[in-house]
Amino acid sequence: YIILNIIKLLIKIINYMALLDKKIIKILKNNSKATLQTVSDQINLSIAPTARRINQLETKGIIKNYTVNIDENSFGYKFPAFIFISLERQQSKNFDKFEEKILSFPEVVECWLMTGTKDYLIRIAVKDVEEFENFLTKKLTVIEGVSSVESSIPLRRVKSDHARIY
């Protein structure tokens, strides 16, 4: 009976620590510049254990880095586009060559290797339709091995969340 109660208590402690970690992550996700004092106040924990929890989250790789969200529109990149890409052959060497080229294009802000009928999905940020056309015709479609591209232009962003924690 005592062992069962100890196990129940340990489970409660583990659940409480997991809840604290999620609260910390949510706070830092919304404001990566939040001070230890601010974080500890919001989770009702003193600074030292808060700092230890954050350090553990960093050590485990749960918190990978601290970044800022940049408004692409402020830099004149008001024309986003999503582009599906198919390669002629789905071979490792072709993927490597394609990815190497894509990494060199500043217009590409995201690139995903996909399952299904298309091989890749990229998101680009460009200033206007002319820059979009230039990217398509002079950069993307001239990559060796690209067999087809299909573009979609978003009308508006409904949600943007960089990671799911709940």
Side-chain angles (χ1 to χ4, degrees), residues 14-15 17-36 39 50-166:
I14 290 168
N15 288 338
M17 298 306 274
L19 181 64
L20 276 180
D21 288 350
K22 285 183 178 180
K23 285 181 179 180
I24 290 169
I25 292 166
K26 185 176 182 181
I27 292 164
L28 292 174
K29 185 175 162 223
N30 291 329
N31 179 8
S32 65
K33 291 177 71 174
T35 64
L36 275 174
V39 175
T50 299
R52 277 195 300 277
R53 299 298 316 159
I54 291 171
N55 190 301
Q56 288 174 355
L57 292 167
E58 293 168 345
T59 302
K60 291 177 183 176
I62 295 169
I63 294 176
K64 295 183 180 202
N65 54 40
Y66 296 87
T67 63
V68 294
N69 292 326
I70 298 168
D71 178 18
E72 293 167 341
N73 286 335
S74 297
F75 290 92
Y77 302 115
K78 298 177 187 244
F79 194 91
F82 293 93
I83 306 169
F84 283 100
I85 299 133
S86 295
L87 302 181
E88 291 172 356
R89 293 195 177 96
Q90 288 71 33
Q91 296 174 336
S92 181
K93 65 180 181 178
N94 294 343
F95 291 146
D96 293 343
K97 286 179 188 177
F98 176 80
E99 290 172 15
E100 184 180 334
K101 274 307 243 186
I102 286 297
L103 290 172
S104 72
F105 298 148
E107 299 90 344
V108 178
V109 291
E110 290 184 68
C111 179
W112 295 83
L113 177 62
M114 306 296 287
T115 63
T117 59
K118 305 295 181 187
D119 297 314
Y120 287 92
L121 171 64
I122 63 173
R123 180 173 73 86
I124 65 168
V126 293
K127 293 185 178 191
D128 51 35
V129 72
E130 289 81 17
E131 189 178 358
F132 174 63
E133 179 185 4
N134 186 57
F135 175 78
L136 279 179
T137 59
K138 294 189 171 59
K139 290 185 174 184
L140 185 59
T141 57
V142 297
I143 297 174
E144 184 181 341
V146 170
S147 65
S148 71
V149 297
E150 184 179 313
S151 310
S152 291
I153 309 302
L155 299 176
R156 66 183 161 95
R157 181 176 288 162
V158 176
K159 181 179 180 180
S160 179
D161 209 354
H162 297 286
R164 181 177 175 192
I165 57 174
Y166 290 104

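These numbers come from the heavy atoms of this one structure, side chains and all, not from hydrogens, waters or symmetry mates.
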Could you go through Ile85 and Phe98, starting from their C-alpha distance and side-chain angles, then the distance that decides it, and tell me whether this counts as side-chain contact (heavy atoms from CB on, under 4.5 Å)? CA-CA 10 Å; Ile85 299 133; Phe98 176 80; 3.8 Å; yes

Grab the two heavy atoms, one from Pro154 and one from Ala81, that are nearest each other, plus how far apart they are. CD-CA, 4.1 Å

Nearest 0.5 Å please: distance from the CD atom of Gln56 over to the CD1 atom of Ile62. 9.5 Å

Beyond-backbone contact of Phe135 with Ile122, side-chain heavy atoms, under 4.5 angstrom: yes

Would you say Leu28 and Ile54 make side-chain contact, with heavy atoms under 4.5 Å? yes

Taking every heavy atom of Ala125 against every heavy atom of Tyr77, the minimum-distance pair comes out as O-CD2, 3.8 Å

Enumerate, atom names and distances included, each donor-acceptor pair closer than 3.5 Å involving a side-chain atom of residues 18-27, sequence neighbours excluded.
| residue | atom | partner | partner atom | Å |
| --- | --- | --- | --- | --- |
| Asp21 | OD1 | Arg53 | NE | 2.9 |
| Asp21 | OD1 | Arg53 | NH2 | 3.0 |
| Asp21 | OD2 | Arg53 | NH2 | 2.7 |

Calculate, to the nearest 0.5 Å, the distance between atoms CD1 and CD1 belonging to Ile124 and Ile83 respectively. 4.0 Å

Taking the side chain as C-beta and beyond, is there a heavy-atom pair between Lys118 and Ser148 under 4.5 Å? yes

Spatial distance of atom CG (Asn94) from atom CD (Glu88) [nearest 0.5 Å]: 8.0 Å

Would you say CZ of Phe75 has more than 12 non-hydrogen atoms from neighbouring residues, nucleotides or ligands within 6.0 angstrom? no

With rounding to the nearest 0.5 Å, note down the distance linking CG in Leu140 to OH in Tyr120. 12.0 Å

Please indicate whether Glu144 has more than 12 foreign heavy atoms, meaning atoms of other residues, nucleotides or ligands, lying under 6.0 Å from its CD. no

Looking only at heavy atoms, the pair that brings Lys101 and Ser104 closest together is O-OG, 2.6 Å

Counting only heavy atoms not in Gln90 (residues, nucleotides, ligands), do more than 12 fall under 6.0 Å from its CD? yes

Ignoring hydrogens and angles, tell me if any N or O in the side chain of Ser152 forms a donor-acceptor pair with the backbone of Phe82 under 3.5 Å. no

Kindly compute the distance separating CG (Asn134) from NZ (Lys127), expressed to the nearest 0.5 Å. 13.0 Å

Measure the NZ-CD distance between Lys78 and Glu131 for me, rounded to the nearest 0.5 Å. 13.5 Å

Within the side chain of Thr141, is there an N or O that forms a donor-acceptor pair under 3.5 Å with the backbone of Leu136? yes

Do Phe79 and Glu130 make a side-chain contact, defined as non-hydrogen atoms from C-beta onward lying under 4.5 Å apart? no

Sub-4.5 Å side-chain heavy-atom contact between Phe132 and Ile153: yes

